[in-house]
Amino acid sequence: MQHLVDVTPILENLNDAQREAVTAPAEPTLVIAGAGSGKTRVLVHRAAWLIDVEGLSPQSLLAVTFTNKAAAEMRGRIESLLDMPVAHLWIGTFHGLAHRLLRRHWREANLPQNFQIIDSDDQLRLIKRLLKNLEIDDSRWVPREIQYFINGQKDEGLRPQHLDDDGDPNRRQMIALYQAYEEVCQRGGLVDFAELLLRAHELWRDNAELLEHYRRRFTHLLVDEFQDTNSIQYAWLRLLAGDTGIPFVVGDDDQSIYRWRGARVEHIYRFQKDFPSARVVKLEQNYRSTATILNAANAVIANNNARMGKNLWTEGSDGESIKVYAAYNERDEADFIIARLRDWIDQGNLRADSAVLYRSNAQSRVLEEGLINAGIPYRVYGGLRFFERAEIKDALAYLRLISHRDDDSSFERIVNKPTRGIGARTIDIMRSYARANSCTLWRAAGAVASDELAGRAANAVHAFMQLIERMAQDVAGLDLQEQVDHVIHASGLIDFFKKDKGEKGETRVENLLELVSAARSFEPDPASEMSPLDEFLSHAALEAGEGQADAWEDCVQLMTMHSAKGLEFPLVFLAGMEDGLFPHQRSIADPNGLEEERRLCYVGITRAMQTLYVTYAEQRRLHGMDNFSQPSRFIAEIPDEHIEEVRPRVQVSRPMHTPRRSSAGRAASAPGNELGVRLGQRVRHGKFGDGVILNCEGQGAHARVEVNFETAGTKWLVLSYANLDLM
DNA sequence: TACTATTTAATTTTT
DNA sequence: TTAAATAGTA
């Protein structure tokens, strides 16, 4: 068979190690793939090799990734390499695949057919509600910690009944809450992210026939980012592989940066124990960065003990040395970075080819102010995604309630939004009824409105229930986008947000309309047993969408080092390289924590292709306090020969940056004085109301500021006339 | 019920 | 510093 197929497209342009991995015999294989070593490539070519050369049916392949983006990319690349669509090839995230299984086998999984997926925000709200119901003090039992506990246990594959309180009353309570949480979820047909994985695992574990079926079907398992698998994900894979399935896993132990989220690098070692015959292939040749950058990265990561050990190398040249800049403070650091970005852009480079990476999100602020001031377009990664926006979740809650009357989370979310006279008091009554009769809020509402509530409240509740019922009727038989469109109007959400003053309300309305177009372009699976609406709701929960709409303007990229994983840029800045910030204070004391920070640093360094700047501030304002800091220990771990200290310490401060907060009020209202206004400063204007300073220019009596008013929009004002009050 | 004052805490994030 | 959550007030 093999000689009949032209293997050239699959094997050309692969190096020896890559080729070894791609053409490995049908045995368990572990590929340790360093940063920029062509990891995705190997995975994609391996899939193509199995299908095209080994003659495997795409049906027998299961490919798992961590993000939807990676899954989509993998499918696309496999299809273009094979030059044919591979619809029957299962490619997806762990969660997506688990979801698919659970929908298919909802009975065996002991779930209602129309079970709903809740995201972490829904989960947190649910826990808060639960505490309120049980009359538990939420300052002693912090909802976030409970959430963390529950998810942590689920990630380890543990149910409440598996847990022992070890005589610790604290732990006993946690376990009890976990148990209570589970009951609420089961009653409401709600499934959180970790639950998807856990259920999918239990589904196979407890149904020998089903497991056998899938084992026979999926003979080959491809896994991306293997170092990020948590225990339940590993157990799921292990179960599926059995004694005959052939796993092909790709990962990099040095890029494991999600331990706090349940990821366990140890699975890489475990894999070799579970599959003693496993072939190990190391990909160490890097196609991304200069030798200097790689040597720096190698030197830094060499300080970690817990690793398999590998060394990145390149056939390319040394390139530029790494520039280290010691800034006076965070503002000076930002100024320096912006000056270098200016040069870069002036030399005709793309802004989108540059990135500023930092340890924590709060650091973006100073950079953003500087970039706005310099008029350089930028994009900050992270933040709220489309389906996570409050107004979108409100609309989805209506849709969910229509589809699933028992969804208490959704019920509480929108029962009084827009306000319809169902206050906290009334909700409390419904809650306690629901608790006393262990029924859902929807049923409680019906019962309570008929006999317990006073006239006005009862009417309001009846009206709400009728609204939902009526919407459910009106929507039946409509297209998905018509359903969504109808619901956002009939629910009163659109009008509710229209009343919201200023731009905020406008954006919300726009987002709601955007939801309608999202529904329009959503393609339900014709083979699915679910209604298109339910499919759409699952999609919304599993794929939160893009962070920002206007992503593709050419702009400087700002993001945390975590979000930078997997990306590459010709020009990279690592900002805020100070002990306490990076490595972060909270990880510094724990050796494991420190090693993870170091891996993060390794990730950061290896994002750079040509030019890498490392900057730190000798003094940094953190939480409103000025702190002196030491350069990050990671800088000292980069060999001196790769480093060039840059010190264009020219004039550090510019007058309008001087943050003389205390005298600012007087300075701003008295013409001619030195201005004390600051970007981001909140101000109040007699006519335009409240706003924020976006920009300023000029000096003394001519000084002008650009203010974004909440209601009046953006205006340029002459400071000496405007009479702004600082707030 | 909506607005305002006060308190509190402050990594990293995909599903 | 500042953002978010909570408590208190009009």
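Numbers restart at 1 for each chain; the letters A, B, ... are given by sequence-line order, proteins then strands.
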**Q** Report the relative orientation of the aromatic rings in A:Phe226 and A:His267; use parallel for angles under 30°, tilted for 30 to 60°, perpendicular for over 60°.
**A**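 Because their plane-to-plane angle lies in the 30° to 60° range, the rings of A:Phe226 and A:His267 count as tilted.
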**Q** Give the rounded distance in Å between these two atoms: CG of A:Asn416 and C1' of B:dA2.
**A**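 In whole Å, B:dA2 C1' and A:Asn416 CG are 13 Å from each other.
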**Q** A:Gln363 CD to B:dA10 P: how many Å, rounded?
**A**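 It is 17 Å, rounded to the nearest whole Å.
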**Q** Using the P atom as the reference point in each nucleotide, state the distance between C:dA4 and B:dT13 in Å, no decimals.
**A**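 Rounded to whole Å, the distance is 16 Å.
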**Q** Under 4.0 Å, counting only non-hydrogen atoms across every strand here, what does A:Asp121 touch: a base, just sugar-phosphate, or nothing?
**A**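 Nothing, no heavy atom under 4.0 Å.
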**Q** Quick check with a 6.0 Å cut-off and a 45 degree axis cone: is A:Arg379 positioned over the face of A:Tyr381's six-membered ring?
**A**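 So A:Arg379 does make the cation-pi contact.
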**Q** When the distance from CZ of A:Arg620 to P of C:dT1 is rounded to whole Å, what number comes out?
**A**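 Result: 16 Å.
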**Q** Begin from the C-alpha positions of A:Phe634 and A:Tyr616 and carry the test ring-ring contact (aromatic ring centres under 6.0 Å, His included) through to its verdict.
**A** CA-CA 12 Å; A:Phe634 301 146; A:Tyr616 64 93; over 10 Å; no
**Q** C:dT2 P sits how many Å from A:Glu330 CD, rounded?
**A**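 Atom-to-atom, A:Glu330 to C:dT2, this comes out as 11 Å.
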**Q** Starting from C1' on C:dA5, measure out to NZ on A:Lys128 and report it in whole angstrom.
**A**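 Atom-to-atom, A:Lys128 to C:dA5, this comes out as 8 Å.
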**Q** Before accepting this row, confirm whether a basic side-chain N of the pair A:Lys393/A:Asp119 lies closer than 4.0 Å to the acidic partner's carboxylate O.
**A**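 A:Asp119 and A:Lys393: salt-bridged.
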**Q** Could you check how far OH of A:Tyr148 sits from P of B:dT12, rounded to whole Å?
**A**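 Taking atom P of B:dT12 as the reference, OH of A:Tyr148 is at 14 Å.
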**Q** Tell whether A:Arg359 reaches the base of B:dT12 with its side chain through a donor-acceptor pair below 3.5 angstrom.
**A**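 In this structure, the two groups form a donor-acceptor pair.
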**Q** Taking atom P in both B:dT12 and C:dA5, compute the distance separating them and give it to the nearest angstrom.
**A**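 One P to the other, the span is 16 Å.
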**Q** Both distances below 3.5 Å, Watson-Crick or wobble geometry, any strand: find the nucleotide opposite B:dT12.
**A**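 When the pairing criteria are applied, nothing turns out to pair with B:dT12, so the answer is none.
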**Q** Is it the case that the ring center of A:Trp260 lies less than 6.0 angstrom away from the ring center of A:Tyr258?
**A**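 Between A:Tyr258 and A:Trp260, the centre distance is under 6.0 Å.
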**Q** Can you tell me the distance, in whole Å, between the CG atom of A:Leu594 and the C1' atom of B:dT11?
**A**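 Going from CG in A:Leu594 over to C1' in B:dT11 covers 14 Å.
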**Q** For B:dT12 and A:Arg259 - does any side-chain N or O of the residue sit under 4.0 Å from the phosphate oxygens OP1/OP2?
**A**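 For B:dT12, neither OP1 nor OP2 has a side-chain N or O of A:Arg259 closer than 4.0 Å.
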**Q** Does this structure show an ion pair linking A:Glu333 with A:Arg620, if we count only N-O contacts that are shorter than 4.0 Å?
**A**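 Looking at A:Arg620 together with A:Glu333, the answer is yes, because their closest N to O distance falls below 4.0 Å.
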**Q** Starting at the 5' end of DNA chain B, which residue's closest nucleotide do you reach first, A:Thr419 or A:Arg586?
**A**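 So the residue in question is A:Thr419.
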**Q** Does A:Arg307 pair with A:Asp254 as a salt bridge, N-O distance under 4.0 Å?
**A**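 Yes, charged N to carboxylate O under 4.0 Å.
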**Q** Distances under 3.5 Å only, N/O to N/O: pair up the protein atoms with those of nucleotides 13-15 of chain B.
**A**
{"unit_1": "B:dT13", "atom_1": "OP1", "unit_2": "A:Thr560", "atom_2": "OG1", "d": "2.6"}
{"unit_1": "B:dT13", "atom_1": "OP1", "unit_2": "A:Ser563", "atom_2": "OG", "d": "3.2"}
{"unit_1": "B:dT13", "atom_1": "OP2", "unit_2": "A:Asn361", "atom_2": "OD1", "d": "3.2"}
{"unit_1": "B:dT13", "atom_1": "O4'", "unit_2": "A:Arg261", "atom_2": "NH1", "d": "3.3"}
{"unit_1": "B:dT15", "atom_1": "OP1", "unit_2": "A:Asn68", "atom_2": "N", "d": "2.7"}
{"unit_1": "B:dT15", "atom_1": "OP1", "unit_2": "A:Asn68", "atom_2": "ND2", "d": "3.4"}
{"unit_1": "B:dT15", "atom_1": "OP2", "unit_2": "A:Arg385", "atom_2": "NH2", "d": "3.0"}
{"unit_1": "B:dT15", "atom_1": "O2", "unit_2": "A:His95", "atom_2": "NE2", "d": "3.4"}
{"unit_1": "B:dT15", "atom_1": "O4", "unit_2": "A:Ser120", "atom_2": "OG", "d": "2.8"}

**Q** In whole Å, what is the span from the NZ atom of A:Lys132 to the C1' atom of C:dA5?
**A**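 Going from NZ in A:Lys132 over to C1' in C:dA5 covers 12 Å.
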